[in-house]
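Presented below is the structure to which this report refers.
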Amino acid sequence: MFDVDTDRTLVAAADLVNTTAGLRSATHSPDQLTTVAQLKEYLNQRDAEIRWPSSNADRAQLSSVVELRDKVREIWGAAPIETEAPVELLNQLLRGVGLKVSRSSDGGHRAEPVPASTDLADVMTASIATAIQHLVVRDETARMRTCKGESCDAIIIDLTRNRSRLFCDFGNCANRAHVRAYRARQAAHRKAPSPRQATATRPAHPAEADLATDPRLVKPSAAEKAAQIQEPTSQSATAAKEFRERMRDELMEKRNKKSGKKSKKGKKKK
Ligand SMILES: [Zn+2]
């Protein structure tokens, strides 16, 4: 969505926050950052390109990383960021972080954060704070979300083009929400309420009503699907549409030429 480094770091930041104890798709998950071994495990699961120095993970670094996690969690919880408090917190993390320009893998140049020291926690702080800063200055902090699943407080980073991500990857949050939305629609359909009954038939959970009417959870009709094809969202879909249009134009051109020459129609060979 953004540049690869920022995307990769935002995913790592979300994973870091999700090591906090809490509910993941209706299952309790304990704190997963209580030992140095767990910190190393978290680091080992990172993309190799992220280059966070796992070799200097020790007790002191662990407690600094946990502090970082708590601050990032607070910033994430405040998103979309509209007040000063989360920005102030972000500025605390950015204190001492420098900037340098270096060669990127595509041959161009890119700005890269320079951490306050080579300590693991400082390197992680510089990297994560810079990535979040990216979202803040581009007014994209609404991409820092909490899973919409029932009994789930996992956080997610939405890196989709059309900002469509609603659920985490921990369990079956998306599935359960679809089933719930479907049932809520069925129930609403069965008891089309008279104004007098309206209060009695309201779903017990206000969230169910939201989910039932959330357009992103309602399966698209054939007409909507057709409209989506006309309005491609992904790069490959755009390319495919252009290709189809070009083929159609070429075909039309050939036909026009043929009818212009008034040539006799032979059998078409395929
Ligand atoms: Zn979830």
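As the structure lists them, so they are numbered: ligands from 1, and atoms in each ligand from 1.
Sorted by first and then second residue, the pairs that involve residues 83-102 and meet side-chain hydrogen bond (donor to acceptor under 3.5 Å, both in side chains), not counting sequence neighbours, are S102-E112.
For D15, the side chain to side chain donor-acceptor pair (under 3.5 Å) criterion is met by R46, not counting sequence neighbours. D58 pairs by the salt bridge (charged side-chain N to carboxylate O under 4.0 Å, His left out) definition with nothing, not counting sequence neighbours.
One finds the CG atom of L16 at 7.0 Å from the CZ atom of R69 (value rounded to the nearest 0.5 Å).
Side-chain atoms of Q38 and T34 form a donor-acceptor pair, as typed in the model, at a separation below 3.5 Å. A donor-acceptor pair shorter than 3.5 Å cannot be found between the side chains of D122 and T125.
Around the Zn ion (ligand 1), protein N, O or S atoms at less than 2.8 Å comprise C147 SG, C152 SG, C168 SG, C173 SG.
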